[in-house]
Amino acid sequence: MNVLEARAIKKSFGGVKALVDGNISCCKGEIVGLLGANGCGKTTFSRILMGMLNCDDGEILINGERVSFNSPMDAMQRGLAMVHQQLSLIPDMTVWENINIGNEPRSALGFIDTAACRQRARQVLERLCPEVDMERKVSELSPSEQQLVEIAKALSKDFNILILDEPTSALEQVQVNRLFDLLRQVKQQGATIIFISHRLGEVVEICDYVVVFRNGANVGTVDLLRDGQDEERIIALITGREEQAAIAKKHGAQQNGGGVRFAVKDLCMGKLRQISFALRRGEIVGIGGLQGQGQEELLLTLAGLLAPAERGSVLVDDIPLKLHHPSDAIRQGVVLVPGDRKKEGLFLNHSILMNMMYARFSLKGEWIIPFRKYRREAEEIMRALSIKAEGVDTELNTLSGGNQQKVVVGKWLPLNPKVLLLCDPAKGVDVQAKKELYELVARLAQQGTSILLYASDNEELVAACERVFVMYEGQIVEELQGAEVTEDNLVAASLRARTTPSTL
Amino acid sequence: MNFTAGLKRISRRPEFTSVVILLVIIFLNALLQKNFFATKVILTNLKTFTPLILISIGQAVIVLCGGIDLSVGSQVSLINVILATMMRDSIGDSLPVLLLALGAAVGMGAVNGFSAGYLNLPPMIATFATQAIFFGLALFVLPHPGGVIPRWAVEAFKWHVWLISTPLVVIVLAMLLWEYIRRRRLGQYIYAVGSSEEAAFANGINTRWVKLMSYMIGSFFVMLGAYAITLQAASGDARLGLSYPLTSIAAVVVGGISLQGGRGNVIGAVFGALVMNMVINLIYFANIPSEYQEFTKGFIIILALAMAVIYRRNGARRQTS
């Protein structure tokens, strides 16, 4: 009998159909991969399973019995647990408080039994991530630690169905391996797991079979045990096209010997130490290394988002760049595509047009905003980047992640940026959108924009970059060029830095 | 080294700034008011300070849960006029009135909590509106100042043995009550909802119910404050509570409780309330002409807020770097 079965789930938000025919059925002790492009409805689907949203139509059966959940509480009582993509942690509470929340052991008098809470937290943390201090507040943890706590919280519950929505996007390889070991144990004990991810390699590694969603419907199932690990077929199902969705190929623009466009000398800021490098016109240069080695800080400093640099100079076309405020950078043509588009890049409840207009507000403006001109411009960009939306007045909330990301990049295009700083632009973006995004970046490079790209996924760096700087603890420790830029070399360089700390 | 480390940890507690400001303001008060540390003066001060302390505890609970209550003043007024018009000389006859006041308080909290939790109205405007409703009810009960409070009640409030007096006992009991709630699930959920409502919901917490409860608990403490001021004034006035929304919110902020919710301790609100009270004292004893008093009060409140907030912002920066 199926432990969990969902039939013909439908859900619309306003006029947008998020789910048309959401289907899944899983048996005891199975790990099911749920895949699909951004906006295909897999997160909506999992939120409905978890009782966080009500579906418009369709039915959910648990152990053959029809259920209807009105809140996550109902779902938890029926043995469901979930690792949320938008982490469900309470920032102002400690790790152990978070792990127990909603389900605290109580003493006879009704007080929360803090000793039992700590014990429960310790048990699960020891197995998943012994490096996390459970007395710390969640808001003080790094993104990967927060992700681990979110997972630990779900694992500490009594569940027989576990849903994981992109649990690995912030994790390093070692942490992923530990998680997978745990998931296999959980599976052995008879629980059913639904694993949602964009990382195909991981899905193939851990799952028994894969369900693919496209445009809000279940479009196919690939049994990995029976049919073998057919990645091509899964990609074809996701994109709906029979083509290989590889990201942009290397282009030849940087070979034509453009002059130096962007030079950073001896930059120090917070944990960044003596960063020096130069970008040529139209060059795409990557920043690699383990996560959290100062890559994001470097990009934010260069974009003027952090307090002025302590030391060092930055030159754009030989003109010194002051970095007191983001507007300084934007006026000189240095623009940023931030890592967290929802927090730093976009106004989600405003229209595409408004978002594109805000990008100009740092420039010397007109007395009266020429709305009509900007509207035309926005419409052109929408067409050029094939942003899928009804029109420029569509609110960004209703767009999929990939299309939102195109708006973040697109809003800078009318300014003809000289330097484009990309901070993990393809994080949480599906294969198709990723490909289009890197094509756009390559096109900009051909027009002479220099590009500095940080990506947590080495594959992207290898595909897009001619040179890659490897960072470790706030310094550039190695530079790979041309044929040296391979995934193996990148991993090796990141780890080498760790074993032999630089003497600087 | 252990000492400095301990000092550092204490200085990071959210209510730390309020203690520092409190010490400064106690010093200033001691300069201006003779015998500031005499038992009799302390007792008098304590009595005057009690209403705001209790109301600020109530406000703190609501703010910790991510809400705000602009109607605390009218709640005080309504309780006040109910007591002043209905209480009787015999304790037995007054008991139903006390129950009525309790019902009114919890009911007002429920109205606010229902608007904020179940109707999802922005609390800033919802409680601003209920403020008018409660004020209107108070005027309906007692259009012109008047009414009497029986002697036994006034005497009960005056009871004291050395520094141990009714106001002090009530404040301590109120704090213990909050401590009791805080150590139960509800207390944790109030913090959780205040810190991130969405995350709390995802964890299976009934966020609407928690918000409702926060307003009801808050109103209960406000009712205690209303009792304190009524027994002091010994008469009824529908305009009695007008100043409390501003001062209680200021006390909460000075006390290190984040207006975004989820961060801070209720004890901070007590310190904050003491600061606010002594600011008002200061104006009184500095012989500032009455027409300038409101102006000065507002000015000093801004100053105290700025001190607290700027210190905390710098502290946060030091912590991250």
Side-chain angles (χ1 to χ4, degrees), chain A residues 46-47 50-53 69-78 80-94 96-107 109-114 117 137-140 146 149-150 153-154 156-157 163 165 269-271 297 306-307 310, chain B residues 9 12-15 63-66 117-118 176-211 213 256-266 268 312-321:
Chain A
S46 60
R47 287 167 70 92
M50 202 56 208
M52 300 182 69
L53 292 171
F69 298 146
N70 288 315
S71 78
M73 224 177 330
D74 299 340
M76 286 170 188
Q77 270 157 13
R78 295 303 301 254
L80 272 90
M82 179 161 173
V83 172
H84 296 266
Q85 184 186 12
Q86 323 268 319
L87 305 186
S88 70
L89 302 172
I90 313 284
D92 294 315
M93 294 185 137
T94 62
W96 67 265
E97 281 171 335
N98 263 288
I99 287 177
N100 287 285
I101 193 132
N103 192 21
E104 295 90 344
R106 285 180 291 188
S107 67
L109 287 170
F111 289 116
I112 292 174
D113 185 347
T114 53
C117 283
K137 273 190 183 179
V138 162
S139 57
E140 296 166 1
Q146 290 183 357
V149 174
E150 172 78 24
K153 189 179 70 184
S156 75
K157 300 226 158 73
I163 304 168
D165 193 359
M269 167 72 206
K271 71 179 187 181
E297 286 86 346
L306 299 180
E310 289 149 18
Chain B
R9 210 175 50 238
R12 277 185 188 164
R13 289 186 64 90
E15 62 271 20
V63 170
L64 279 174
C65 194
Y118 287 80
L176 286 177
L177 175 64
W178 167 247
E179 193 59 19
Y180 170 73
I181 296 168
R182 197 182 65 80
R183 290 187 183 209
R184 297 174 63 87
R185 285 187 178 180
L186 178 61
Q188 290 302 296
Y189 296 172
I190 285 174
Y191 272 92
V193 170
S195 183
S196 168
E197 196 183 334
E198 248 175 89
F201 177 72
N203 283 300
I205 293 171
N206 189 343
T207 52
R208 298 168 152 198
W209 179 77
V210 172
K211 281 204 231 169
M213 288 308 287
I257 295 168
S258 162
L259 278 185
Q260 266 93 50
R263 220 173 310 159
N265 294 311
V266 167
R312 237 165 270 140
R313 207 178 291 148
N314 291 344
R317 198 168 296 157
R318 244 176 292 137
Q319 232 175 323
T320 48
S321 64

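By convention in this document, chain letters (A, B, ...) are assigned in the order of the sequence lines, proteins followed by strands, and residues within each chain are numbered from 1. This is a predicted model, so every value here is computed, not measured.
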K.L.:
What are the two closest heavy atoms between B:Ala199 and A:Ile90, and how far apart are they?
P.N.:
CB-CD1, 4.0 Å

K.L.:
Given a strict heavy-atom distance threshold of 4.5 Å, which part of A:Ile112 is in contact with chain B: side chain, backbone, both, or neither?
P.N.:
both

K.L.:
What heavy-atom pair brings B:Tyr189 and A:Glu104 nearest, and what distance separates the two atoms?
P.N.:
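Closest heavy-atom pair between B:Tyr189 and A:Glu104: OH-OE1, 2.7 Å.
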
K.L.:
How many angstroms lie between CD1 in A:Ile101 and CD in B:Gln188, if you round to the nearest 0.5 Å?
P.N.:
6.5 Å

K.L.:
Calculate, to the nearest 0.5 Å, the distance between atoms CE and CG belonging to A:Met73 and B:Asn203 respectively.
P.N.:
11.0 Å

K.L.:
Just grab all the salt bridge (Lys or Arg N to Asp or Glu O under 4.0 Å) pairs involving residues 196-209 of chain B, residues at least two apart or on different chains.
P.N.:
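Pairs touching residues 196-209 of chain B that pass the test: B:Glu197-B:Lys211.
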
K.L.:
First locate atom CZ of A:Phe111, then atom CZ of B:Arg182, and finally report the distance between them rounded to the nearest 0.5 Å.
P.N.:
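Rounded to the nearest 0.5 Å, the CZ-CZ separation comes to 10.5 Å.
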
K.L.:
Using non-hydrogen atoms and a 4.5 Å limit, figure out which bit of A:Met52 sits close to chain B: side chain, backbone, both or neither.
P.N.:
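Both backbone and side chain of A:Met52 come within 4.5 Å of chain B.
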
K.L.:
Identify which of A:Ala75, A:Ser107, A:Gly110, A:Ser139 forms the greatest number of heavy-atom pairs closer than 4.5 Å to chain B.
P.N.:
A:Gly110

K.L.:
To the nearest 0.5 Å, how far apart are OG in A:Ser88 and CD1 in B:Ile205?
P.N.:
9.5 Å

K.L.:
CG of A:Leu109 to CZ of B:Arg183: how many Å apart, nearest 0.5 Å?
P.N.:
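So the CG of A:Leu109 and the CZ of B:Arg183 are separated by 11.5 Å.
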
K.L.:
Test B:Arg263 against A:Asp92 for side chain to side chain contact (heavy atoms under 4.5 Å, CB included), laying out the working first.
P.N.:
CA-CA 7 Å; B:Arg263 220 173 310 159; A:Asp92 294 315; 3.0 Å; yes

K.L.:
Would you mind checking which part of A:Lys271 comes under 4.5 Å of any heavy atom in chain B, side chain (CB onward), backbone (N, CA, C, O), both or neither?
P.N.:
neither

K.L.:
Under 4.5 Å from any heavy atom of chain B, what part of A:Gln77 do you find: side chain, backbone, both or neither?
P.N.:
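Contact with chain B: none, neither part.
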
K.L.:
Using a cut-off of under 4.5 Å for heavy-atom pairs, which of B:Gly204, B:Gly194, B:Gly187 has the most such pairs with chain A?
P.N.:
B:Gly204

